[in-house]
Every structure is written in C-alpha cells, then in structure tokens.
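First comes the structure, then the notes that go with it.
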Amino acid sequence: MRKSNREINDFNKIVELLDKCQVLRLGLYSDDYPYIVPLSFGWEVNEGKLNIYFHCAKEGKKVDLIAKNNKVCVEADILNGYRATERSVTADYESVIGFGTVKEVVGSEAVHGIKLLLEHCGIDGYSPEDCVLMGIVAVYKITVDSITGKKRFM
C-alpha cells in the first residue's frame with residue numbers, strides 16, 4: 001500500500017469495517033474486461049479465515065464467469081463524507097479489498113450462508129431453510145485468502 005499510514009492492519013478492525021458495509025462488490029475475470037457486480041452479503045470468521053456468502057440467480061453472466069475462473073476480488077467501502085484539507089477537499093472513506101476463491105455451496109452450508117446474509121442485512125421474518133428449499137437461488141461462498149483495509153482519517 002502506497003500510503004501505509006492509512007492501512008488497517010488489525011484483522012479484527014477489518015472485519016468490523018466489513019460488518020458496517022452494506023454492499024460488497026465482486027470482481028470477476030471476463031474475456032475482454034473485468035466484470036464487477038454489487039452484492040448483498042453475509043460473512044463469518046471460521047478458524048481464522050474470512051468467509052463471505054452471497055446468493056444470486058442460478059444462471060447468468062456471474063455464474064458463467066465463476067464457472068470459468070473461481071478467483072475473485074472483493075471490495076466494500078463506506079463514504080463518511082468529504083473534508084477540507086490544507087490544499088483541497090478529499091473523501092473521508094474506509095474500505096476493504098480482498099482476494100480469494102468462490103464456490104457454490106448447497107444443503108446445510110447454503111442455509112448457513114443465507115442465514116448470515118439475512119442477519120447482516122438486518123432482515124427478519126424469513127426462514128433461511130425455506131429460501132434454499134424454494135430452489136430459485138444459488139448460494140456461493142468466497143474464501144478470502146488475503147484482505148487489507150484502508151481508512152483516510154485514522
């Protein structure tokens with residue numbers, strides 16, 4: 001990271017920041033250009049590893065690209081507004097960027113992923129089991145291999 005004074009090194013602070021984010025952007029390999037899509041998501045830390053879950057339609061561009069190459073980049077951020085500096089105006093932001101692999105999950109792990117997504121999004125009154133049993137969505141798990149955080153104003 002070029003400006004190391006903005007780097008968030010503490011893993012616990014990185015996941016605290018991720019928990020405050022409402023949207024996760026998923027970057028996938030495509031033929032001519034990168035493909036980035038915003039997602040609602042849920043997450044957990046299991047045995048020191050960050051796992052991120054999302055759901056989507058069972059077919060489409062995202063599903064096709066994952067089938068071709070399961071290496072992904074994820075990004076999430078919070079914009080806290082703008083601040084004047086001595087020479088200009090700059091964004092007051094916090095962000096995380098991670099790299100990992102993604103795979104479809106089924107059965108009890110899909111239910112677990114939907115449960116985490118519903119909790120993170122603050123949605124009550126839906127059964128994760130029923131969501132999976134409807135059979136209209138696919139559930140994916142991203143295993144994050146590396147992640148960094150950055151904050152403009154510490």
Problem set entry | Intermediate values then yes/no, salt bridge (charged side-chain N to carboxylate O under 4.0 Å, His left out), Asp145 and Lys49 | CA-CA 8 Å; Asp145 297 320; Lys49 278 283 205 186; 3.5 Å; yes
For this session: May I have the step-by-step check of side chain to side chain contact (heavy atoms under 4.5 Å, CB included) for Val106 and Val139, ending in yes or no?
Result: CA-CA 7 Å; Val106 296; Val139 180; over 6 Å; no
For this session: Output, in order, the C-alpha distance, side-chain angles, deciding distance and verdict of side chain to side chain contact (heavy atoms under 4.5 Å, CB included) for Leu18 and Leu24.
Result: CA-CA 9 Å; Leu18 181 66; Leu24 181 85; 4.3 Å; yes
For this session: Would you check if the side chain of His120 reaches a backbone N or O of Phe41 as a donor-acceptor pair within less than 3.5 Å?
Result: yes
For this session: Please name the pair of heavy atoms, one in Ser40 and one in Leu117, separated by the smallest distance, quoted to 0.1 Å.
Result: O-CD1, 3.9 Å
For this session: Decide yes or no for Glu94 and Asn80: does some side-chain heavy atom of the first lie under 4.5 Å from some side-chain heavy atom of the second?
Result: yes
Exercise. Would you call Lys150 and Asp77 a salt bridge, using N to O less than 4.0 angstrom?
Worked result: no
Seminar exercise, completed: So NE2 of His55 and CD1 of Ile136: to nearest 0.5 Å the spacing works out to 8.5 Å
Exercise. Which heavy-atom pair separates Glu75 from Ser95 by the least distance, and what is that distance?
Worked result: OE2-CB, 4.2 Å
Problem set entry | Residues Trp43 and Asn51: side-chain donor-acceptor under 3.5 angstrom | no
For this session: Work out which heavy atom in Asn12 is nearest to a heavy atom in Val15; give both atom names and the distance.
Result: O-CG2, 3.3 Å
Exercise. Can you tell if the side chain of Val111 reaches within under 4.5 Å of the side chain of Ile114, non-hydrogen atoms only?
Worked result: no
Seminar exercise, completed: Value for CG (Asp124) from CG (Leu118), rounded to nearest 0.5 Å, stands at 9.0 Å
Exercise. So, does Ser127 use its side chain to make a donor-acceptor pair with the main chain of Glu129 at under 3.5 Å?
Worked result: yes
Problem set entry | Side chain to side chain, Phe11 and Glu16, heavy atoms closer than 4.5 Å | no
Exercise. So do the side chains of Asn69 and Leu28 get within less than 4.5 Å of each other, counting heavy atoms only?
Worked result: no
For this session: Please answer: with hydrophobic residues joined when any side-chain heavy atoms are less than 4.5 Å apart, are Ile123 and Val132 in the same cluster?
Result: yes
Exercise. Is a salt bridge present between Asp92 and Lys151, judged by a nitrogen-to-oxygen distance below 4.0 Å?
Worked result: no
Exercise. Yes or no on side chain to side chain contact (heavy atoms under 4.5 Å, CB included) for Leu26 and Lys62, after CA distance, side-chain angles and deciding distance?
Worked result: CA-CA 9 Å; Leu26 177 67; Lys62 178 174 44 236; 4.1 Å; yes
Exercise. Yes or no on side chain to side chain contact (heavy atoms under 4.5 Å, CB included) for Ile8 and Thr148, after CA distance, side-chain angles and deciding distance?
Worked result: CA-CA 7 Å; Ile8 303 170; Thr148 58; over 6 Å; no
Problem set entry | Side-chain heavy atoms of Asp31 within contact of Lys68, under 4.5 Å | yes
Problem set entry | Donor-acceptor pair between His112 and Glu44 side chains, under 3.5 angstrom | yes
For this session: Mark yes when over 12 heavy atoms from residues, nucleotides or ligands other than Tyr82 sit less than 6.0 Å from its OH; otherwise mark no.
Result: no
For this session: State the CG-OH distance between Asn70 and Tyr29, to the nearest 0.5 angstrom.
Result: 10.5 Å
For this session: Flag yes if Val96 and Ile78 sit in one hydrophobic cluster, no otherwise; membership is Ile, Leu, Val, Met, Phe, Trp, Tyr, and two members link when side-chain heavy atoms are under 4.5 Å apart.
Result: yes
For this session: Could you grab the distance from atom CG of Asp19 to atom CD of Glu119, nearest 0.5 Å is fine?
Result: 10.5 Å
Exercise. Looking at side-chain heavy atoms only, is the closest gap between Glu109 and Lys141 below 4.5 Å?
Worked result: yes
For this session: Determine, using the 4.5 Å side-chain heavy-atom cutoff (strictly less than), whether Val144 and Tyr53 are members of one ILVMFWY cluster.
Result: no
Exercise. Can you check whether Leu50 reaches Thr143 side chain to side chain, under 4.5 Å on heavy atoms?
Worked result: no
For this session: State, to 0.1 Å, how close Ile97 and Cys73 come at their nearest heavy-atom pair, and which atoms those are.
Result: CG2-SG, 3.8 Å
Exercise. Taking all atoms of both residues into account, what is the closest heavy-atom pair of Cys56 and Tyr140, and its distance?
Worked result: SG-CE1, 3.7 Å
Exercise. Do Phe99 and Val102 belong to the same hydrophobic cluster, where Ile, Leu, Val, Met, Phe, Trp and Tyr are linked whenever their side-chain heavy atoms lie under 4.5 Å apart, directly or via other members?
Worked result: no
Exercise. More than 12 non-hydrogen atoms from neighbouring residues, nucleotides or ligands closer than 6.0 Å to OH on Tyr35, yes or no?
Worked result: yes
For this session: Might you point out which heavy atoms bring Pro128 and Tyr126 nearest each other, and give the distance in Å?
Result: CD-O, 3.4 Å
Exercise. Can you tell if the side chain of Cys131 reaches within under 4.5 Å of the side chain of Val137, non-hydrogen atoms only?
Worked result: no
For this session: Report yes or no: do Phe54 and Val63 belong to one cluster of Ile/Leu/Val/Met/Phe/Trp/Tyr joined by side chain heavy-atom distances under 4.5 Å?
Result: yes
